[in-house]
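Working notes for the structure below.
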Amino acid sequence: MKISTRGRYALRVMIDLAEHYNGKFIPLKEIAERQEISQKYIEGIMTDLSKKHLVEALHGKGGGYKLAKDPNEYTVREILLVTENSLEPIVCLEKDAAPCNRAAECRTLQMWKDFSKLVNDYFDGITLASLAKIKIEDNYII
């Protein structure tokens with residue numbers, strides 16, 4: 001499993017929204033400037049996040065984006081699944097995977113299942129609010 005740039009940027013954008021969480025819409029241009037990500041690239045990410053109801057969008061003057069719920073209610077896993085579609089380490093564990101004819105004798109299947117559970121539980125245990133509280137100064141997290 002490898003998290004894409006799109007997934008990493010989705011997390012950065014959501015953290016930015018959490019850091020500025022006040023119930024008001026934040027213009028995309030401001031988010032793009034703070035995160036040093038092109039506005040065009042973020043637009044695609046925001047469309048996906050909006051379709052999954054993780055953010056609310058308002059078009060026109062005074063518009064922008066805001067979190068659809070409290071930052072404590074989001075998990076990293078939930079956000080990553082919007083861009084990654086799956087966090088499974090192997091294809092046969094993905095949601096709609098065709099049954100494997102070797103599953104009964106596969107010596108590594110349980111290992112992959114255990115690894116998948118570790119990854120999913122880990123990302124489920126990290127909230128957006130907890131990431132938004134992390135501050136980096138001189139390359140150290142404080």
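Because only heavy atoms are used, hydrogens play no part in the values below, and waters and symmetry mates are left out as well, while side chains stay in.
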### Task
Treating Ile, Leu, Val, Met, Phe, Trp and Tyr as nodes and any side-chain heavy-atom pair under 4.5 angstrom as an edge, say whether Phe25 and Ile42 lie in one connected cluster.
no
For Arg102, the side-chain contact (heavy atoms from CB on, under 4.5 Å) test, sequence neighbours excluded, returns Cys100, Glu105
Those residues at least two apart in sequence (or on a different chain) that pass side-chain contact (heavy atoms from CB on, under 4.5 Å) with Thr83 are Arg6, Ala10
side-chain hydrogen bond (donor to acceptor under 3.5 Å, both in side chains) filter on Ser4, not counting sequence neighbours, yields Glu84
- Task: Report yes if the side chains of Ile126 and Thr75 come closer than 4.5 Å at any heavy-atom pair, otherwise no.
- Result: no
Connected to Val91, directly or through other members, by ILVMFWY side-chain contacts below 4.5 Å are none
Test your reading of the model: is there a side-chain donor-acceptor pair from Thr47 to the backbone of Glu43, 3.5 Å cut-off?
yes
One should read off an interatomic distance between Phe115 CZ and Thr108 OG1, to the nearest 0.5 angstrom, of 13.0 Å
Interatomic distance, CH2@Trp112 vs CG@Leu93, rounded to 0.5 Å, equals 9.5 Å
The ring-ring contact (aromatic ring centres under 6.0 Å, His included) partners of Tyr122 (sequence neighbours excluded) come to none
Contacts satisfying side-chain hydrogen bond (donor to acceptor under 3.5 Å, both in side chains) that involve residues 60-70 (not counting sequence neighbours) are Lys69-Glu78, Asp70-Asn72
So CG of Asp48 and CD1 of Ile45: to nearest 0.5 Å the spacing works out to 8.0 Å
Next on the checklist: If we ignore hydrogens and angles and just use 3.5 Å, is the side chain of Asp16 paired with the main-chain N or O of Arg12 as donor and acceptor?
Outcome noted: no
Residues at least two apart in sequence or cross-chain that pass side-chain hydrogen bond (donor to acceptor under 3.5 Å, both in side chains) with Asn22, listed by chain then number, are none
One should read off an interatomic distance between Leu28 CG and His59 NE2, to the nearest 0.5 angstrom, of 10.5 Å
Residues 88-100 vs salt bridge (charged side-chain N to carboxylate O under 4.0 Å, His left out), sequence neighbours excluded, gives none
Residue set satisfying side-chain hydrogen bond (donor to acceptor under 3.5 Å, both in side chains) with Lys2, at least two apart, ordered chain then number -> none
Hits for side-chain hydrogen bond (donor to acceptor under 3.5 Å, both in side chains) against Gln110, two or more places apart or cross-chain, chain-then-number order -> Asp114
Those residues at least two apart in sequence (or on a different chain) that pass side-chain contact (heavy atoms from CB on, under 4.5 Å) with Leu11 are Val76, Ile79, Leu80
Between the CG atom in Leu87 and the CD1 atom in Ile3, the distance rounded to the nearest 0.5 Å is 5.5 Å
Value for CD1 (Ile15) from CD (Gln35), rounded to nearest 0.5 Å, stands at 8.0 Å
Residue set satisfying ring-ring contact (aromatic ring centres under 6.0 Å, His included) with Tyr9, at least two apart, ordered chain then number -> Tyr41
